[in-house]
> 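Starting off with a structure, shown below.
Just follow the structure's listing: the first ligand is 1, and inside any ligand the first atom is 1. Treat the numbers as computed from the prediction; the structure is a model and nothing was measured.
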Amino acid sequence: MDLARTPIVPEPAADAGGRVTPMMEQYIEIKAANPDCLLFYRMGDFYELFFEDAEIASRALGIMLTKRGKHLGRDIPMCGVPIHRSDEYLHKLIALGHRVAVCEQIEDPAEAKKRGAKSVVQRDVTRLVTPGTLTEDTLLDAGRNNYLLALTRARMSSDTEQGRFGLAWIDISTGEFRIAECEPGALAAEIARLEPGEVILTDALYSDPELASYFRSLPAVTPLTRDVFDGATAERRLTDYFSVATTDAFGTLSRLELTAAAACITYVERTQLGKRPPLSPPLRETAGATLAIDQATRSNLELVRTLTGERRGSLLAAIDRTITAAGSRLLAQRLSAPLTDARAIAARLDCIEMFVADSGLRSEVRDRLKASPDLARALSRIVVDRGGPRDLAAIRDGILAASVLATRLDGRKDAPAEITGAIAALRRPDPAVPEGLAGALADELPAFKRDGGFVRAGYDAALDEARALRDESRRVVAGLQARYADETGIRILKIRHNNVLGYFVEVTAQHGEKLMSPPHNAAFIHRQTLAGQVRFTTAELGELEAKIANAADRALAIELETYARLAGTVTAAAFNIKAAAEALAVLDVSAALAQVAVERNYLRPEVDDTLAFVVEAGRHPVVEQALAQDGQPFVANDCDLSPAPPSHPPPQAGEGGGAGRIYLLTGPNMGGKSTFLRQNALIAVLAQMGSFVPARRAHIGIVDRLFSRVGAADDLARGRSTFMVEMVETAAILNQARERSLVILDEIGRGTATFDGLSIAWATIEHLHEANRCRALFATHFHELTALSAKLPRLFNATARVKEWAGDVVFLHEVVAGVADRSYGIQVAKLAGLPPSVIDRAKIVLAKLEAEDRASPVRGFDDLPLFAAAPKPPATPAVDAALEALIAALSALHPDEMSPREALEALYALKAKVTEKKS
Ligand code: ADP
Ligand code: MG
């Protein structure tokens, strides 16, 4: 791809005798120390790759593979990437799952030359680039965190924490550091929430037979040797990193958490070659503090990206009005991990309320935030010595923006606690830091410090002089030439320059004599006589020459010194700067959520510890915006899943506090069922992340776990039948949902034959009602299920209304109490453009089937027994041995403990039972 490269002076890799050259020796030694990385070996303005690395990289990057010398009699394959484009290539390689060791020249090639013409420049690896330890903006997504996650499992022998996992995750680009423990069953959900850029674990865990296939399905997993996860040294490694006496300051950490946290920092130190990015002390996330949402539910609800993987069309995209990248990251974090503590939620809602109420303040704060760059990431880069002048400017502008905002917000008597906390944090950085930076930095800044020119003129006298010499060398020389011409009276005297003599005075042969005799011969020293000219030098010119030659180097050296000093003051203030950066993000998110609330008419939800779930005139936040773009209205709908009938006040949570209602939603295809289900789940998510919600009123009793499943979603990639996936996921819900959970089931049972599907849907609803007792929404095309409401008191039949008009169907998207009278499938098919002959024929077939249906066994459904394991005995026990056996068989299954094969066999057995019944 990049062919415009300067050719490197060929240096034979092996001499005639086939011996290895010193350079190759050095390369091989460094490569051997980093066997699992592609080695970027610095040579002049290129990073070169050799041998197999070159073959891998040339294929991955589409760059030319060349060769360079021989090694043990064979050509050495080589390819290279130019320094100035190396980020771009690194990005590609990292995205493809490679790790890269960057090996730099750590001395001036001139120094090496002094040791002898053939000596090799000293080189060493200065950094390992891995997916979870990136800091460059060009390698990172500004609006997303990039976590390194360390995973450790309790040894099976310790029975107290058997099989539990310790988790620690770090975003080294922002300094966030968190730890938690989780049950084996919750691991996948935690990883789905964090979406780590890289996971580290022990070799043993990586090859655990039960988890191996899961780990291999994750994008970047790095197995490491045991010492990284050594529990005995964990405490010491942590206290060492943070220079504290004990880890007690971080709260009481379990052994698992300590081990994971230590593994994380050890890996960070290894990849950063000992540099220590400014990490916050590890913050512990207590189990249950956030709403548990598993992977399937996350993707199904399209929280941060759509099912096709795009941000556009997700809930995050619909509500994101943040101004800064840090705000966007915090918003995504909050959305991925809604809270379960009503007071913490209220604290966030208070901030939004303030910004909703005071639109002047809101727009002013948002305006100010525009001048606030990505402080956290600039800071990280500066501390690990990967920063540049623009990062220093970001610190300057960020701290200034923070103090301006603090002043603007100060003195509000009504400010909620989170805002007063933020104000204090905004004031933490010492104003001397941005002042120092402002005085030193030029207006226009280069991308890299090595380019120079970033220190303001007038800041440093020595630098100014060096630059004046460099930039004004011509003028200085010209001045000297005029003076010499004047003093000698030789009008045509010239000062010239060439590579052999450097600067010299030149006169024609006829004037040569004059300069070689007194008084001029005191100043002018003869250097060369040519055919027509004579050349001289002077002491003055020699001095000037040396100065000019060194001026550029000197200017750059002074600038780099200045950079290092400024970076030092920033590093010393790192923790205060980080606190201000976090406060800016909190302000951004609060003002942004207020902004979307005002724009889209969201209101403050009431969130408490009851089991209530009342949404009045709720809307789907994403569908609503999509329709609005086409000028279409969204039909708002109510939903009430509270335990008691709406006429009574909802009971308090706790023992005997009652259980939630289940909406059984029927209606034609395209009626709005799926939209209704999701909008209620999304309103719960929004409320608990501390956002206003698209509803006229919402009262949400804290949800602890959220589940959402759609029938018959294809998962061909993992080689499982769609129906199998549906059943595995339904099983997970029936096993895990509790009274405080919210369950959304959309067309479960669609993926198999009618009677199978109906039976499973039937039994599932009974289980939800009697065993899980959770709040739930269930959409189905099995009208037969509506009969269940006669027996299950908390099952509520609702339907998406349609209107028939001149033989066509009109979708009203209104969800009302009741049962769909018919499925309108043929009308929908007509709308879709099926040929009229097919529509007519279908109508005839339908009429015939409906006539026969009167004798159908389905009609006996309302006499069927209720769920066998129900805590309350069924009101009217009736007998249908086959169905009872089916239900018993179903409830005896423990899908979590089954292998896919066992599950499939169980399904066949279930199906056989139904066939028995039919015959
Ligand atoms: P179903 O699940 O019943 O087949 P969907 O929920 O998928 O129906 O809705 C079908 C389409 O109807 C959606 O794509 C959306 O454009 C529209 N729609 C759904 N609900 C509403 C509503 N409440 N107001 C306006 N349009 C809606
Ligand atoms: Mg649907």
Side-chain angles (χ1 to χ4, degrees), residues 296-297 299-302 306-308 310 312-315 318 600-602 615-640 663-683 686 693-696 698 707-714 722 726 729-730 743-751 757 761 764 776-783 785-786 797-805 808-833:
T297 302
S299 47
N300 189 231
L301 291 177
E302 308 192 304
T306 63
L307 286 169
T308 52
E310 288 148 70
R312 228 182 114 213
S314 67
L315 177 61
R600 303 241 47 103
N601 194 21
Y602 291 4
V615 172
E616 279 176 31
R619 285 117 53 206
H620 190 297
V622 181
V623 176
E624 177 187 39
Q625 286 189 32
L627 288 175
Q629 268 172 10
D630 301 338
Q632 307 267 4
F634 187 93
V635 180
N637 280 304
D638 300 345
C639 179
D640 185 351
Y663 260 43
L664 181 65
L665 190 59
T666 48
N669 257 321
M670 294 297 289
K673 301 185 297 297
S674 300
T675 308
F676 179 75
L677 259 53
R678 282 177 181 69
Q679 89 189 21
N680 286 298
L682 295 182
I683 285 171
L686 284 171
V693 297
R696 190 172 58 219
F707 297 97
S708 165
R709 290 300 183 283
V710 188
D714 262 302
T722 54
E726 183 182 326
E729 293 184 353
T730 306
V743 172
I744 307 287
L745 290 171
D746 196 352
E747 309 263 17
I748 289 301
R750 190 166 56 172
T764 299
L777 290 136
F778 195 109
T780 184
H781 65 285
F782 293 123
H783 294 177
L785 291 173
T786 57
N797 285 332
T799 182
R801 268 185 70 203
V802 292
K803 193 167 72 181
E804 236 183 314
W805 189 74
D808 285 337
V809 59
V810 179
F811 302 112
L812 300 174
H813 303 303
E814 263 173 46
V815 175
V816 295
V819 175
D821 51 347
R822 13 196 309 224
S823 53
Y824 297 94
I826 295 179
Q827 285 85 344
V828 174
K830 188 177 165 196
L831 277 183

> Return the closest protein heavy atom for atom 4 (O) of ligand 1 as residue, atom name and distance.
Met670 N, 2.6 Å
> Of the protein's non-hydrogen atoms, which lies at the shortest distance from atom 22 (C) of ligand 1, and what is that distance?
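Residue, atom and distance for the closest contact: His813 CB, 3.3 Å.
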> Test of understanding: with salt bridge (charged side-chain N to carboxylate O under 4.0 Å, His left out), list the residues that count as partners of Glu302, not counting sequence neighbours.
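Per chain and number, Glu302 pairs via salt bridge (charged side-chain N to carboxylate O under 4.0 Å, His left out) with no residue.
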> Measure the distance from atom 7 (O) of ligand 1 to every protein heavy atom, then report the residue, atom name and distance (to 0.1 Å) of the closest one.
Ser674 CB, 4.0 Å
> List the closest protein heavy-atom neighbour of atom 8 (O) of ligand 1: residue, atom name, distance to the nearest 0.1 Å.
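I find the closest protein heavy atom is Gly672 N, 2.9 Å.
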> Just let me know how Pro668 lines up against ligand 1, side chain, backbone, both or neither, with a heavy-atom cut-off below 4.0 Å.
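Only the backbone of Pro668 comes within reach of ligand 1.
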> I need the nearest protein heavy-atom contact for atom 6 (O) of ligand 1: residue, atom name and distance, please.
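Going by distance alone, atom 6 (O) of ligand 1 is nearest to Thr675 OG1, 2.6 Å.
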> Using the six-membered ring wherever Trp is involved, compare the ring planes of His620 and Phe634 and label them parallel, tilted or perpendicular (cut-offs 30° and 60°).
tilted
> List the closest protein heavy-atom neighbour of atom 23 (N) of ligand 1: residue, atom name, distance to the nearest 0.1 Å.
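Checked against all protein heavy atoms, atom 23 (N) of ligand 1 sits closest to Val635 O, 2.9 Å.
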> Which residues satisfy the salt bridge (charged side-chain N to carboxylate O under 4.0 Å, His left out) test with Arg801, sequence neighbours excluded?
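Checked Arg801 against salt bridge (charged side-chain N to carboxylate O under 4.0 Å, His left out); matches are Glu814.
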> Can you confirm whether something in the protein, heavy atoms only, sits under 4.0 Å from atom 14 (O) of ligand 1?
no
> Run the numbers for me: atoms of ligand 1, each under 4.0 Å from some heavy atom of Asn669, listed by number.
4 (O)
> Going by salt bridge (charged side-chain N to carboxylate O under 4.0 Å, His left out), name the residues that satisfy it together with Arg696, two or more places apart in sequence or in a different chain.
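Partners of Arg696 by the salt bridge (charged side-chain N to carboxylate O under 4.0 Å, His left out) criterion, ordered by chain and then number, come out as Glu616.
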> May I ask you to identify, for Leu627, whether its side chain, its backbone, both or neither come under 4.0 Å of ligand 1 on a heavy-atom basis?
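Near ligand 1, Leu627 shows its side chain, while the N, CA, C and O stay back.
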> For the Mg ion (ligand 2), which protein N/O/S atoms are closer than 2.8 Å?
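Listed by chain and number, the atoms are Ser674 OG.
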